[in-house]
Amino acid sequence: MMAAETLSPGPNAFADLPEIFLTPAEYDQLSRLVGDHEATGAAGLLQQELDRATVSGDRPAHAVGLGRWVHYTDGRAADLRRVKVVLPREADIDAGLISALSYVGAGLIGLPEGQSILWPDPSGAVRKLTPVLVEDADPFAPA
């Protein structure tokens, strides 16, 4: 079973997933990134997230967005991890910059603090991703 298939078994596949929020600018950037063709793996998962996202300029202030530092747990270790979800060209895992096209990046994008999502990893195993703190200002917020 492909990882992208784990979240789409039927017409109600999104019923148990938490609501996610993206700004119009984020939605446009991520949509261009994954394109219109059906994808697999992390890109397929990101496409699914885009299909179900609430797109609004009034995204909650503490939702994970592009270019924002987030502390999260992954359900496997007690430690908080700190990353910034970025576009692939900006990714640098050693600096904590993870691509929105990575499994963790696609799983975290749009999630509000405190909301959890059961999310596959590259092996197909499922983990629970939970943003605990979005620590910096929203770069897409109106001035």
Side-chain angles (χ1 to χ4, degrees), residues 1-76 80-143:
M1 175 183 294
M2 296 294 297
E5 294 172 346
T6 22
L7 294 181
S8 58
N12 295 323
F14 300 138
D16 294 331
L17 295 174
E19 188 170 11
I20 62 168
F21 303 89
L22 297 172
T23 65
E26 290 170 329
Y27 181 85
D28 289 344
Q29 286 179 304
L30 295 171
S31 292
R32 284 193 307 270
L33 189 62
V34 296
D36 294 333
H37 302 292
E38 188 173 332
T40 60
L45 292 168
L46 183 56
Q47 281 179 328
Q48 289 180 26
E49 292 299 87
L50 291 171
D51 288 345
R52 68 183 198 85
T54 297
V55 180
S56 170
D58 296 330
R59 179 187 61 201
H62 297 292
V64 177
L66 284 175
R68 301 187 74 194
W69 287 103
V70 59
H71 298 256
Y72 77 97
T73 60
D74 72 0
R76 292 184 181 166
L80 281 178
R81 297 178 182 185
R82 180 180 180 259
V83 296
K84 183 188 282 191
V85 181
V86 297
L87 296 174
R89 68 179 174 273
E90 301 164 353
D92 178 353
I93 194 67
D94 293 333
L97 307 175
I98 63 167
S99 171
L101 277 180
S102 69
Y103 281 85
V104 171
L108 288 173
I109 197 75
L111 271 179
E113 287 177 2
Q115 289 291 314
S116 297
I117 189 167
L118 295 178
W119 200 251
D121 67 15
S123 74
V126 176
R127 64 174 128 179
K128 184 177 179 180
L129 299 176
T130 307
V132 176
L133 173 69
V134 177
E135 72 180 47
D136 51 4
D138 183 349
F140 292 104

Salt-bridge contact Asp74-Arg81 (side-chain N to carboxylate O under 4.0 Å) | yes

What is the distance from atom CG of Leu17 to atom OG of Ser116, rounded to the nearest 0.5 Å?
-> 12.0 Å

Please determine, by modelled atom types, if Glu19 and Thr54 share a side-chain donor-acceptor pair under 3.5 angstrom.
-> yes

Sub-3.5 Å donor-acceptor pair from the side chain of Arg68 to the main-chain atoms of Ala63, do we have one?
-> yes

With a distance cut-off below 6.0 Å to the six-membered ring centre and an angular limit of 45° from the axis, does Arg82 pair with Trp69 as a cation-pi contact?
-> yes

Grab the two heavy atoms, one from Pro18 and one from Leu111, that are nearest each other, plus how far apart they are.
-> CG-CD2, 3.5 Å

Below 4.5 Å, heavy atoms only, C-beta onward: do Ser56 and Thr23 meet side chain to side chain?
-> no

Apply side-chain contact (heavy atoms from CB on, under 4.5 Å) to the pair Leu133 and Val70, showing each step before the final yes or no.
-> CA-CA 6 Å; Leu133 173 69; Val70 59; over 6 Å; no

Could you go step by step and tell me if Asp121 and Arg76 meet the side-chain contact (heavy atoms from CB on, under 4.5 Å) rule?
-> CA-CA 12 Å; Asp121 67 15; Arg76 292 184 181 166; 2.4 Å; yes

Does the side chain of Leu66 reach to within under 4.5 Å of the side chain of Val86, using non-hydrogen atoms?
-> no

Working to the nearest 0.5 Å, report the span between CG of Leu30 and CD of Gln47.
-> 11.5 Å

Smallest heavy-atom separation, Tyr103 atom then Trp119 atom, equals O-NE1, 2.7 Å

Flag the pair Val64 / Val85 as yes when at least one side-chain heavy-atom distance between them is below 4.5 Å, and no otherwise.
-> yes

Distance, nearest 0.5 Å, that separates CG of Leu45 from CG of Leu101 = 10.5 Å

Can you check whether Phe21 reaches Pro112 side chain to side chain, under 4.5 Å on heavy atoms?
-> yes

Look at Asp92 together with Lys84 and state whether they make a salt bridge at an N to O cut-off of under 4.0 Å.
-> no

In a check of side-chain contact (heavy atoms from CB on, under 4.5 Å) between Ser31 and each of Leu22, Leu50, Leu46, which one passes?
-> Leu50

Does Arg59 pair with Glu26 as a salt bridge, N-O distance under 4.0 Å?
-> yes

Flag, side chain of Thr73 to backbone of Gly75, donor-acceptor distance under 3.5 Å = no

Whether Glu113 side chain and Val134 backbone form a donor-acceptor pair below 3.5 Å | yes

Roughly how far, to the nearest 0.5 Å, is CD of Gln115 from CG of Leu129?
-> 13.0 Å

Between Glu49 and Ile117, does a side-chain contact (heavy atoms from CB on, under 4.5 Å) hold up when you go through it step by step?
-> CA-CA 11 Å; Glu49 292 299 87; Ile117 189 167; 3.9 Å; yes

Counting N and O atoms only, with roles assigned by atom type, does the side chain of Ser102 sit under 3.5 Å from a partner on the main chain of Ile98, one being a donor and the other an acceptor?
-> no

Which pair of non-hydrogen atoms, one from Ala106 and one from Ile109, has the smallest distance, and what is that distance?
-> O-CG2, 3.5 Å

Any side-chain heavy atom of Tyr72 sitting closer than 4.5 Å to one from Val104?
-> yes

